[in-house]
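Small disclaimer: the values here were computed from a predicted structure and weren't measured. Both counts, for ligands and for their atoms, begin at 1 and track the order of listing. Positions are given from 1 along the sequence.
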Amino acid sequence: AGGDAGSSNTDDFGSHMCNIMGQLEKIFTKAVLSAYPEAVSPMIQIQLSKHADYQCNAAMSLAKSLKKNPREVGQQVLKNVAPNPLISNLELSGPGFINIVLSKDFIRQQVTNLILTGVTPPPATPVQVVVDFSSPNIAKEMHVGHLRSTIIGDSIARLLEFLGHKVLRLNHLGDWGTQFGMLIAHLQDTFPNFATEPPPIADLQKFYKESKKRFDEDEEFKKRAYEAVVKLQAYEPLHKKGWEEICEISRKEFMKVYERLQIRIIDRGESFYQERMVKLVKELNDAGLLEEDDGRKVMFGEGTDVPLTVVKSDGGFTYDTSDMACLKHRIDEEKADWIVYVTDAGQSQHFKSFLACAKKAGFYNDVKTRVDHVTFGVVLGEDKKKFKTRSGDTVRLIDLLNEGLQRSEEKLKEKDRHTVLSPEEFEKARDAVAYGCIKYADLCHDRSRDYIFSFDRMLDFRGNTAAYLLYALTRIRSIIRTAGVKPEEIEAEAKKGAIALEHEKEWKLARTILKLPDVLVQITQDLYLHPLCEFLYEVSTVFTEFYDNCYCVEKDQSGNIVKINMNRILLCEATAQIMEKCFSILGITTVGKM
Ligand code: ARG
């Protein structure tokens with residue numbers, strides 16, 4: 001990954017929420033440079049601290065490289081910190097740590113702004129991003145690996161959109177390639193009228209298996225299948241029509257999953273690049289970059305010993321060829337500053353190879369374009385083996401989602417929610433919990449690891465699950481509702497001036513929720529989403545601590561409200577907004593009641 005795409009860049013917040021840690025880093029970098037102009041690009045790291053709000057440890061490494069006493073360096077840096085609204089106090093401690101105490105006024109104002117303007121992104125320079133995710137293969141089953149790619153990719157896209165980037169969400173469908181030869185040949189035999197009457201194929205999987213069987217067993221059929229590929233790639237109308245029909249059936253199936261999970265994505269499969277592949281292959285060939293290998297044409301990139309197969313011995317193109325042409329298109333024509341690919345970790349070599357070849361071919365420069373290959377581990381069943389149905393087949397995603405709905409319904413009924421909620425409210429809660437849990441269970445784990453898919457675990461109402469967190473949010477909302485405070489009143493109260501944060505737990509909650517911008521900036525660096533889930537969970541825990549210690553609404557013995565603490569209601573509102581934003585970035589629908 002190169003370039004500085006997505007980095008936060010400005011000192012002027014305007015209507016932006018402040019990424020406090022990031023801004024402290026800037027303040028201290030400036031302080032170091034003004035104290036020691038000779039220090040070249042100093043590495044400043046700000047950490048959370050037990051003794052203060054944050055701590056800066058720059059003096060240690062700096063003293064080493066400057067051959068000075070660390071305490072003295074710490075003192076100098078401290079003296080050079082320019083006046084700023086964030087910090088109320090600095091103190092040198094131990095061998096040269098600088099303890100940072102945040103300004104209470106600043107925090108009060110930030111929380112108040114949050115209530116008045118909603119959760120706004122930390123400052124960032126907008127760039128053009130392509131997120132390539134989901135990307136199942138036509139006529140084959142969309143499996144749990146694609147589900148992971150869909151969930152992770154969608155969340156990354158949502159985050160980048162929130163930060164103000166221009167995001168192109170692309171579905172790099174596997175819709176081109178030799179499998180279409182046999183599919184079309186089989187189509188011609190089974191539904192000869194396919195050109196005029198859309199073929200009633202109910203089960204494309206079965207259709208795929210049938211044609212594969214014929215392909216493997218019948219030489220004459222195999223020959224026809226090969227001819228069909230050649231004709232398709234030459235855009236012969238009838239073959240193209242057959243291909244379109246098959247793609248259409250697949251796409252309808254995929255759409256069902258996307259609609260359920262509320263995924264926005266634009267289809268742009270491998271076929272889109274056919275003419276560009278022809279052109280690119282010619283260019284690579286003319287530049288002398290292709291080598292003959294047993295009838296194939298291959299290309300080696302710098303530093304990889306696994307070559308790309310650019311042209312197969314039958315003259316056809318491959319997954320490698322399409323990714324080369326696709327990358328070139330995204331850089332040259334889509335003008336992407338940043339490209340994010342989300343696939344299973346098993347494809348790492350493919351990505352290394354084609355990126356190295358693209359560099360060698362001269363159309364990709366990692367300083368100008370940032371490319372991230374976001375990988376993830378495999379989905380395992382509760383038996384820790386590859387996720388399969390009892391009979392050993394791949395699990396159909398739509399069946400999985402249906403099971404989620406059913407389990408969610410059972411769970412909510414167990415908790416008697418059907419007696420409290422209206423039928424519509426119940427249905428909304430059921431859907432939100434089912435799909436929310438499936439997404440959250442995936443996103444809350446370190447994505448690079450394998451993960452165990454367990455409905456029991458993800459639907460647990462205790463612990464770090466969407467079920468628990470969605471419920472926690474409805475409880476906060478109900479505090480405000482019970483208090484009978486209307487949105488206008490909250491706004492009016494916030495406009496009176498910065499919120500008071502007197503109780504220690506109020507202060508703690510305020511500082512916790514204001515960490516969101518730093519969490520988001522961190523994610524733009526490594527594209528690991530689980531810290532956002534950890535943050536969301538932390539917010540709900542710290543909120544509980546606050547709520548257990550601070551009355552928001554005081555009632556008398558007969559349950560009548562005697563006093564409403566408006567500041568605390570405001571803090572409830574701010575917390576709810578922060579949680580809503582996290583859910584929205586995670587692609588999880590929230591509900592008012594559950
Ligand atoms: N269709 C591929 C698969 O199912 C994923 C494509 C990912 N995107 C890409 N540009 N290679 O594994």
Polar contact flag, side-chain donor to acceptor under 3.5 angstrom, T309-R296: yes
Any donor-acceptor pair under 3.5 Å from T321 side chain to V310 backbone: yes
Proximal protein residues to ligand 1, non-hydrogen atoms under 4.0 angstrom: D132, S135, N137, H146, H172, Y319, D323, Y341, T343, Q347, F351
Lys/Arg cation over aromatic F133: R169, 6.0 Å, 45° cone: no
Any pair counted as salt bridge (Lys or Arg N to Asp or Glu O under 4.0 Å), so long as it reaches residues 309-326, sequence neighbours left out: none
All pairs passing salt bridge (Lys or Arg N to Asp or Glu O under 4.0 Å) where residues 177-192 contributes a residue, at least two apart: D189-R214, D189-R224
Contact list for residues 239-261, test salt bridge (Lys or Arg N to Asp or Glu O under 4.0 Å), sequence neighbours left out: K240-E244, K241-E245, E248-R251, R251-D267, E253-K256
